[in-house]
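The structure appears right after this line, and notes come after that.
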Amino acid sequence: GSHIDLGQVYLQKRKYDQALTEFRKAKVIRESFLSPNHPETAVAYNAVGLALSRKGEHEAALVEHRRALEIYESVLGQSHPKTATGYQYLADALLAQGNKDESLIEH
């Protein structure tokens, strides 16, 4: 989606507020047109989480990454590559928060 692509450009330029705005737009659109439990909606949750993490908002980022992982696990199963990606995003967010022990468990 174009909002995800634009958000990624802002993320690369370290314009985290603009990236977050685009990623949130993508999340709303995907929730409305696909479903709240669609794997592509989970991609948007991870994108929002990544932008929040870059802004230093680690608790909020964890919420987004956990929701993405819930979607991946329920729709795709635990052994799907996208689910593995969800675990990676969650582990990275936990590490950024300074929670090394829990990140190893999630990973």
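Shown here for K27 and T41, the closest heavy-atom pair between the two residues is O-CG2, 4.5 Å. Shown here for L62 and L90, the closest heavy-atom pair between the two residues is CD2-CD1, 3.7 Å. Residues T83 and L69 come closest through the heavy atom pair O-CD1, 3.7 Å. Taking every heavy atom of both residues into account, A19 and L11 meet most closely at CB-N, 3.8 Å. Taking all atoms of both residues into account, the shortest heavy-atom contact from A44 to A26 is CB-C, 4.1 Å. The two residues A68 and N46 make their nearest non-hydrogen contact at CB-OD1, 3.4 Å.
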Take H80 and T85, measure what side-chain contact (heavy atoms from CB on, under 4.5 Å) needs, and give me the verdict at the end.
-> CA-CA 9 Å; H80 194 278; T85 300; over 6 Å; no
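A salt bridge is defined here as a Lys NZ or Arg NE, NH1 or NH2 lying under 4.0 Å from an Asp or Glu carboxylate O, and R66 with E73 fails to meet this definition. Ion pair E22/K25 flagged as a salt bridge, since at least one NZ, NE, NH1 or NH2 atom sits closer than 4.0 Å to an Asp/Glu carboxylate oxygen.
For residues 31-65, every residue pair satisfying the ring pair (Phe, Tyr, Trp, His ring centres under 6.0 Å) rule, not counting sequence neighbours, is listed here: H65-Y89.
Taking the salt bridge (charged side-chain N to carboxylate O under 4.0 Å, His left out) definition, one finds that D17 meets it with K55, sequence neighbours left out.
Atom CZ in R30 sits 4.5 Å away from atom CD1 in I4 (nearest 0.5 Å). Atom CD of E64 sits about 11.5 Å away from atom CG of L50, to the nearest 0.5 Å.
With hydrophobic clusters built from ILVMFWY side chains whose heavy atoms lie under 4.5 angstrom apart, Y87 shares a cluster with L94. Following chains of ILVMFWY side-chain contacts shorter than 4.5 Å, one can reach I71 starting from L76, so the two form part of one hydrophobic cluster. Follow the hydrophobic side-chain contacts under 4.5 Å out from V43 and you reach V75 in the same cluster.
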